[in-house]
Novice: 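Quick one: the structure is below, and I'll ask about it shortly.
Lettering follows sequence order; numbering is per chain, from 1.
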Amino acid sequence: MTAFVGRRLAQALLQIWGAITIVFVALRVLPGDPAELILGSQATSEQLAGLRAQLGLDDPLPVQYLHHLQGLLRLDFGQSWRQGMSALDACLERLGPTLVLSAWAMVFTVVLGFLAGSYAARHANSVADRLISVSSLVGQALPPFWIGIMLSLIFARGLQILPSTADGTMAGLLLPAFTLALPFVGWLGRLVRTGVLEEMNQDYVRTARAKGMSDGVVFYIHVLRNTLVPVVTMLGLLMGNFIANGVIVEVVFAWPGIGRLLVDSITFRDYAVVEAVLTVITVCYITLNLLVDVLYGYLDPRIQLENA
Amino acid sequence: APGGAGAGSGSAKDRPLSAAFNQPINDLDPHGASAVDEASLLANRQIYDTLVTRTGEELAPKLARSWTQPDDKTWEFTLRDDVTFHDGSKLTSADVKASLERLAKSDGPQKPLWTAIDTVEAPGPHTIRITTTDPLGTLPTNLTLAFILPAAQLGRADFFRKPIGSGPFAVESFTPSSQLLLKPVKNYWGGAATLPGLRLPYIPETSTRMTSLQNGEVDVTWIIPPDELKRLAGVDGVRIESKPGVNYFLAWFNCGRKPFSDARVRRALYHALDIKGIVASLYGDAATVMDAPIPAAVFGHASQQPYAYDPELAKRELAEAGYSGGIRTSMMWFKDTGPLATELAQSLISAWAKVGVVVEQQQIEKAAWIKRLTALDWDIELQVNTVTTGDADYTLGRLYTSTANRMGYANKELDGILAQARSTADQEKRKSLYAQACEIIWRDAVGVFPAALSSTYGLRSPVKGFSPAANSQPEFRTVSTAQ
Amino acid sequence: MTPDVTPLLEVDDLAVEFDTPKGPLRAVRGVSFQVDEGETLAIVGESGSGKSVTAQALLGLVPPRARVTGGRVAIEGRDVTGLSDREWQQLRGERIAMIFQDPLSALNPSLTVGYQIAEMFRRHRGLGRAESRRLATELMVQVGIPDAARRLDDHPHRFSGGMRQRVMIAIALALDPRLLIADEPTTALDVTVQAQILRLLRQRQRADRLGMILISHDLGVVARAADRVAVMYAGRIAEVGTVAQVYERPAHPYTLGLMRAVPAVRDGGGPLVAIDGQPPDPTAPPAGCSFHPRCPFARDRCRESEPEPREVAPGRASACHFAEEVIAGVHTGAR
Amino acid sequence: MSTPALAESRTGPPLLELVDLVTAYRLRGGLGRAGAEVRAVAGVSLDVRAGETVGLVGESGCGKSTIARTIVGLVRPSSGQVLFEGRDLATLPAKELRGLRQDIQLVFQDPYASLNPRMTVANLIKEAWRIHPGIVPRDRWDEEVRSLLDRVGLRPEHAGRYPHQFSGGQRQRISIARALAVRPRLIVCDEAVSALDVSVRAQILNLLEELRRDLGVAYLFISHDLGVVHHICDRVAVMYLGKIVEIGAKESVYLRPSHPYTRALLSAAPSLDDWRDGGRQEIVLSGDVPSPLNPPSGCRFRTRCRLAQDRCRDEEPVLLDRGTAHPVACHFPETDPS
Amino acid sequence: MMPLKLRGRTAGLPPRAHFALGTVLVFVVAGVLGPLLVPFDAAATSPPDRLLPPGTRLSDGAVAWLGTNQVGQDILAAVLAGMRTSLTVALVTVVVAGSVGLLMGLLAGYFGGWADGVISRLGDIQLAFPSLLLAIMLAGVLGPSMTNVIIALAVTRWVIFARVVRGSALAVRDREFVDSARVMGASHGRILIHYILPSCLPPLLVAATVQIGLTMVAEASLSFLGLGVPPSQASWGSTIAQGRDYLASAWWIAAAPGAALALVVVSIGILGDLLRDASDPMTEL
Ligand SMILES: Nc1ncnc2c1ncn2[C@@H]1O[C@H](COP(=O)(O)OP(=O)(O)OP(=O)(O)O)[C@@H](O)[C@H]1O
Ligand SMILES: Nc1ncnc2c1ncn2[C@@H]1O[C@H](COP(=O)(O)OP(=O)(O)OP(=O)(O)O)[C@@H](O)[C@H]1O
Ligand SMILES: [Mg+2]
Ligand SMILES: [Mg+2]
């Protein structure tokens with residue numbers, strides 16, 4: 001087990017390094033100059049050159065890359081020129097709200113997805129099953145921002161029962177978290193449905209029946225546990241999707257999350273922040289997947305064998 | 001009642017007033033990278049004070065009781081002696097000196113305003129003397145942007161996370177690009193604010209911002225998109241106030257490039273536009289058709305004869321200039337430059353197409369736009385420009401000289417007039433000089449100046465004592481929420 | 001076989017059908033047999049002949065798309081056709097238990113072996129966790145799993161094939177059932193391990209006087225482990241009899257064919273006599289005797305009417321029109 | 001049954017010869033470090049002469065398939081040699097190797113997995129000629145397909161069908177036809193009849209027998225079914241955990257097994273006649289086969305052997321004829337008939 | 001293989017399959033013919049005709065059946081033109097990403113070893129970014145244009161296809177029928193094309209179908225953030241994104257393209273499901 005975790009850790013570090021490199025290269029090779037954005041359109045060329053030197057943008061790329069990596073080792077991503085603070089701080093400040101939102105979206109997704117999925121599986125091919133299946137497709141077919149704005153128009157502007165922006169209360173969380181969760185509820189539901197149906201056909205289910213176990217025991221203790229295995233691996237991916245789709249929800253509901261910070265920072269070529277945000281997200285995401293893998297090993301003991 | 005039913009914070013008396021501008025406050029360093037962002041200025045005006053302020057056309061004293069100009073290059077300001085920072089310390093000339101020097105040294109976008117500063121001295125605790133390398137008539141105007149910070153605390157690394165100023169409101173908490181929470185300062189020298197607090201949230205999505213106003217989550221919001229004005233006016237509990245603004249659309253021609261090096265082509269393109277019609281249908285009450293290269297609300301504005309909408313004339317002029325076969329060119333802009341920018345661009349382009357000028361649409365990203373703009377790598381460009389100081393110098397004097405070379409236009413005569421207007425301290429004289437400048441720029445059709453945007457504010461009915469500001473930076477000291 | 005004692009299991013004219021896209025598939029057709037206490041009945045037959053479906057029907061556990069279309073099953077004299085789910089659950093594990101061919105897939109991969117054994121005591125007997133564990137350990141020792149106490153918390157994948165099958169046997173025997181159904185319990189195992197498992201089953205069966213149904217397609221295994229044997233072909237029982245009777249004098253040409261197609265370790269090495277052709281498509285069985293297309297002795301009657309199983313000697317049944325001729329070796333001479 | 005041709009071939013030079021063959025699989029290791037090595041075949045020497053059938057028996061995991069895969073070149077040997085007509089396949093130039101490949105063919109266990117489901121029977125057979133042009137001229141392909149199908153007992157109209165339209169036995173016939181298409185001299189049958197039902201199995205065994213008689217192909221016949229091996233083979237090799245423990249003429253091994261493992265195997269193998277001698281003393285081995293990852297020291301069988309002594313732990317027995325009429329790898333071979 | 005199978009089975013298809021096929025067909029035909037019948041010129045605006053509700057007569061006498069947008073363009077024409085863009089973006093993205101993924105997946109799955117190592121790690125690294133974020137970064141940095149949207153989306157998607165293909169290649173690689181081709185002496189090329197590839201195509205096709213729908217939605221999301229197709233090219237995504245400010249006042253701007261998008265994506269999703277069901281026994285083989 002430790003060897004397995006160790007290897008996954010090494011792999012995670014490699015992933016993080018790769019991600020950092022890709023971001024670094026993408027940002028410097030592609031067009032756009034932060035010095036011009038900082039100084040505005042009226043700056044002279046000497047001013048620009050001076051600022052570039054100050055920002056370290058005129059070093060050759062490999063040198064910049066080295067500085068960058070050195071900085072990272074000290075957890076130093078540089079200053080955000082736009083916000084006048086350390087890029088990492090700027091980013092960590094926004095991480096909390098994003099994680100809160102994602103976590104709630106995850107709760108909604110898992111609860112609703114499991115309910116819908118196992119209901120559909122136990123009533124396979126019924127009208128309800130079909131309905132769940134079609135609505136899950138529709139949920140994925142609508143652009144998330146459209147869903148968000150519609151929900152906001154209905155519940156905040158029309159019925160006026162929920163706030164349209166983050167106000168720190170549970171009510172303020174409801175609309176954004178639900179908007180974020182909606183496309184994935186159906187997705188998870190389908191996953192659970194297929195998983196349950198597949199597991200129901202396994203030999204061990206027949207054994208459990210032959211042992212005289214009741215339907216409830218067979219479903220909740222034997223089947224569901226094994227259905228969790230593929231589903232749990234998906235949760236890591238899901239969290240990543242929440243963070244990413246969070247961008248849109250954050251814009252619609254004025255949620256002070258990390259996604260909006262990223263989009264703004266890209267538009268303003270605030271490299272330090274872009275790099276900090278992407279690194280932080282990547283680290284979160286990879287850590288989460290690491291946890292999921294470990295959990296996975298716990299849920300499916302066969303995994304350990306393969307990797308031992 | 002629609003009074004914040006969903007806001008979750010009720011309408012208790014101690015609820016801070018929520019005021020949502022349509023742009024984010026990125027940072028609170030008034031000398032930093034966001035020093036001329038309207039949103040940052042809005043925040044800065046609540047937290048800090050300047051020596052001088054503008055009331056309508058006139059400059060008025062603020063931290064400075066009065067000022068004199070002993071000679072061409074020297075200014076002397078006498079400061080108030082009853083001003084304290086939020087932490088209780090006295091504001092003295094040392095703070096002003098430190099602030100101005102910091103500003104002059106900074107790399108931020110205000111830098112061009114302060115390059116002429118030679119020395120800043122503090123001969124007495126309440127006297128400040130500024131010398132410039134060249135005569136600088138606009139210094140008092142520029143000082144409306146120079147916010148004064150406590151000298152003693154400037155070195156603190158995290159000062160701007162929760163900065164201290166001498167303004168009517170003190171910072172309670174700040175999340176960049178998201179929310180600024182302020183509380184009133186009890187003993188503000190100009191009279192304490194009556195609000196229990198002030199919340200400046202940033203709501204990026206327009207429709208959400210409108211919803212928040214409607215269900216009472218915010219009490220004031222501006223800018224209202226033109227298409228929402230009429231609808232909101234009919235909503236219970238909401239009222240609209242507006243004021244001619246200092247923001248305006250301009251579409252420069254790259255005068256250094258063919259075919260726009262020929263003034264006839266530029267004028268022809270102006271004649272091809274039914275500006276009145278376009279502006280009326282796109283903006284309605286939210287904008288006014290311009291009659292000068294700067295909005296009417298700006299000091300130095302002088303009305304010019306509008307270009308008549310005459311497509312036939314435009315075609316004739318184009319033919320005269322040798323372009324009877326039409327022109328292929330392009331126009332660049334970035335999406336968020338102003339309300340309905342894309343729609344305006346498309347309308348201009350559509351109108352030009354009718355006289356044989358085919359314009360490629362280049363909606364690009366802000367970073368790329370700035371890069372190409374400064375490199376003069378464009379044919380036509382559309383943008384919303386802001387006369388931040390409210391003075392023609394900020395726009396005409398800064399952008400239209402041959403040394404600035406912002407749009408390839410070079411005119412010795414104009415250079416002379418603008419230089420003179422900058423060095424003169426006599427406001428009447430400056431006014432007439434800018435009138436000449438307006439006329440030259442208008443006549444030479446350096447660009448098309450379609451519309452000046454009004455500053456439109458949506459307010460919930462309990463909000464009292466609010467006066468809309470032309471520069472989108474309203475004052476909240478005088479506002480109250482009567483029930 | 002004393003007639004006045006109720007047999008442990010009585011199956012009478014059992015029929016099971018599958019709904020398939022091609023129409024109904026009659027997997028089991030009119031199967032009858034009985035099993036007495038302390039007796040091992042083997043069911044042999046080729047793949048698809050309906051052995052497993054029959055076994056599952058005895059536990060009321062036919063697959064989702066299958067349904068029992070007729071017949072009667074009585075366990076310890078009690079008719080179990082039409083029992084409710086609850087009643088079935090009480091019967092399974094308590095009175096009648098089953099072990100399957102592939103012990104890896106038949107065990108739940110994510111639960112420990114100990115849990116899966118202890119579950120029997122917890123759910124059926126309502127015993128506590130500790131007590132169930134103790135009993136589970138005891139059982140594991142009984143079925144010959146070394147180091148039982150420590151292996152209790154291991155997952156099935158950590159056991160070898162033979163050990164897994166021992167776990168399955170432990171689960172099946174946990175509640176002292178009267179009837180054990182073993183569906184190809186050794187097919188997935190090596191010969192040496194197969195011998196271990198067969199011996200274990202035999203020991204337990206003798207000790208507890210269990211009635212056992214041993215399903216296999218290996219005539220050798222049956223010869224070694226069973227008292228009586230039923231040969232199945234295409235959903236029907238071709239013949240039933242004691243092992244000695246059937247192996248020495250088959251009463252059905254199919255059995256005869258099987259016997260001559262098996263190369264044996266100790267045979268003379270003469271050419272094998274294969275049964276021609278393939279087993280019939282179960283959705284479209286041939287008219288008459290389903291074996292007739294492959295039967296070297298088929299006559300017109302075989303093509304026209306399907307032979308019903310009938311008693312051809314005491315305790316012996318055959319479903320061949322000409323069973324007596326086959327027994328007598330008229331056509332071939334017995335081996 | 002030993003035909004005259006057979007007796008002759010046994011004295012000829014070996015067609016296939018394995019010399020101290022070792023084949024190892026490397027298990028997936030962690031990042032940057034090599035995983036453990038499984039020596040699935042740990043030094044096997046064996047030969048097959050033209051027209052001869054050699055049986056290879058042993059329990060699951062003892063390395064039978066690995067030997068087969070090594071012979072046909074699907075895995076590389078770690079050491080030792082695979083000689084075909086005296087030529088080492090490992091050192092042969094690629095071109096010659098390609099030519100040699102067609103002389104050895106492999107028939108797999110699973111008749112459902114070993115045929116490309118997307119090819120018709122005709123295409124499956126022709127594939128061989130596409131890969132090795134020159135065996136059969138293109139204009140005679142159809143004719144040849146028909147004759148091959150006939151050879152293995154299928155009808156010509158089967159040529160246009162896909163594998164899933166056949167039963168297991170028929171598929172195995174197709175596999176054999178496919179192997180025959182390149183006119184091989186040696187066919188390695190890896191559990192070729194294990195998945196088949198009794199009645200069908202006999203058909204395939206008879207077919208293989210017939211092909212040997214008519215075409216003179218040799219077989220390396222891998223199986224765990226002692227009855228089948230006894231039926232079809234001339235010589236038998238018994239494997240345990242990567243090594244051959246006993247090898248010799250069929251009669252000799254079956255009638256006078258000398259290695260305790262062979263004895264146990266034979267005793268455990270079920271037979272039709274078992275019902276007769278119900279009380280027969282059977283040898284039931286205890287425990288399981290050890291993992292090939294770390295095999296026991298000395299004699300690999302000693303952990304399950306009832307005769308094991310200290311010597312067995314310390315010294316690995318080599319394959320020698322110790323007065324048993326055929327080679328045995330045991331320090332204490334039993335010579336009395338079982 | 002697939003079309004053949006489909007044709008043979010059309011008769012027995014469930015009703016939802018007919019619905020889905022019909023919808024997709026109608027949209028494709030409309031996308032091809034529509035712009036010929038109702039031409040759309042992104043450069044032609046008519047400010048006086050702004051924001052007119054469906055069925056209004058325009059200043060030039062024509063009737064705007066689906067209303068007009070914020071610059072007075074006919075929504076019907078915009079939706080028809082937008083379909084082309086949206087479908088093009090989706091198809092090109094999926095084809096590009098699918099081809100790259102297919103190649104990479106085959107290399108990784110078939111050859112294994114270091115090729116697999118490099119490709120899989122690359123995929124891992126890329127999957128360390130949530131895909132929309134990567135698309136946002138690329139589209140943001142490259143600037144808005146149809147090509148850039150395609151690049152950004154394709155870059156985020158090749159991994160999905162590569163994984164699918166690698167999975168099936170890996171599963172097939174060690175199958176006995178492939179081994180038997182090797183034993184026969186078949187070359188790598190032959191094995192790849194005749195043995196591995198055919199088994200990888202059905203799952204690839206299923207994945208591609210699903211991705212077409214998701215790509216269309218992703219394009220809309222990019223447009224919402226201002227990183228999508230520029231306004232000079234109408235696309236469903238950008239029309240919905242532009243119409244969002246008018247959801248309360250001029251709902252018809254976003255409604256028509258929104259409904260069209262949802263309908264197409266749902267239909268494609270249904271087709272994907274059916275394909276998956278139909279190809280399952282195939283992959284079993
Ligand atoms: N789930 C199912 N759906 C459809 N048909 C089935 C199903 N299970 C079994 N059958 C059919 O029922 C018949 C009997 O199957 P059964 O499993 O009882 O055979 P068996 O004798 O146990 O064979 P094997 O030796 O292969 O286990 C076969 O024809 C088979 O095709
Ligand atoms: N690809 C592989 N990687 C690692 N180990 C392998 C691989 N293939 C086989 N082995 C191991 O090598 C040993 C011999 O395997 P092989 O398949 O040759 O056995 P076998 O005698 O054919 O068994 P069976 O009767 O089950 O077919 C086994 O322990 C097996 O686990
Ligand atoms: Mg079975
Ligand atoms: Mg094998």
Novice: If you compare all heavy atoms of E:Ile125 against all heavy atoms of A:Gln15, which two are closest, and at what distance to 0.1 Å?
Specialist: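 Closest approach of E:Ile125 to A:Gln15, heavy atoms only: CG1-CA, 3.8 Å.
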Novice: Taking side chain as everything from C-beta outward and backbone as N, CA, C, O, which of these in A:Ile248 sits under 4.5 Å from a heavy atom of chain E? Side chain, backbone, both or neither.
Specialist: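 Both backbone and side chain.
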Novice: Mind ranking A:Tyr285, A:Phe242, A:Trp17 by heavy-atom pairs under 4.5 Å with chain E and telling me who comes out on top?
Specialist: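 It is A:Tyr285.
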Novice: To check you understand the geometry: which heavy-atom pair defines the closest contact between A:Trp146 and E:Ala254, and what is its length?
Specialist: NE1-CB, 4.2 Å
Novice: Taking the side chain as every heavy atom from C-beta outward, state whether A:Val251 and E:Leu225 have any pair of such atoms under 4.5 Å apart.
Specialist: yes
Novice: Which atom pair, heavy atoms only, marks the closest approach of E:Val217 to A:Ala141?
Specialist: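 Reported closest heavy-atom pair: CG2-O, 3.4 Å.
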Novice: Show the nearest heavy-atom pair for residues E:Ile240 and A:Pro143, with the distance to one decimal.
Specialist: CD1-CG, 4.3 Å
Novice: With only heavy atoms counted, which part of A:Leu142 is less than 4.5 Å from chain E, the side chain, the backbone, both or neither?
Specialist: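 Both backbone and side chain.
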Novice: Does A:Trp255 have more than 12 heavy atoms from other residues, nucleotides or ligands lying within 6.0 Å of its CH2?
Specialist: yes
Novice: In Å and rounded to the nearest 0.5 Å, what is the CG to CH2 distance from A:Leu153 to E:Trp251?
Specialist: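 The CH2 atom of E:Trp251 is 14.0 Å from CG of A:Leu153, to the nearest 0.5 Å.
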Novice: At a heavy-atom separation under 4.5 Å, does E:Leu122 approach chain A through its side chain, its backbone, both, or neither?
Specialist: neither
Novice: Among E:Gly243, E:Gly269, E:Ser221, E:Gly237, single out the residue with the greatest number of heavy-atom pairs under 4.5 Å to chain A.
Specialist: E:Ser221
Novice: Non-hydrogen contacts under 4.5 angstrom with chain A: give the residues of residues 84-93 of chain E involved, or none if there are none.
Specialist: none
Novice: Do E:Arg121 and A:Leu14 have side chains that get closer than 4.5 Å, going by heavy atoms?
Specialist: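 Yes, close enough: below the 4.5 Å cut-off.
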Novice: Among A:Val247, A:Ile243, A:Asn241, A:Val274, single out the residue with the greatest number of heavy-atom pairs under 4.5 Å to chain E.
Specialist: A:Val247
Novice: Go through A:Gln140 and E:Val265 one step at a time and tell me if the side-chain contact (heavy atoms from CB on, under 4.5 Å) criterion holds.
Specialist: CA-CA 8 Å; A:Gln140 282 170 279; E:Val265 176; 5.8 Å; no
Novice: Of the backbone (N, CA, C, O) and the side chain (C-beta and beyond), which part of E:Ala218 lies under 4.5 Å from a heavy atom of chain A, both, or neither?
Specialist: neither
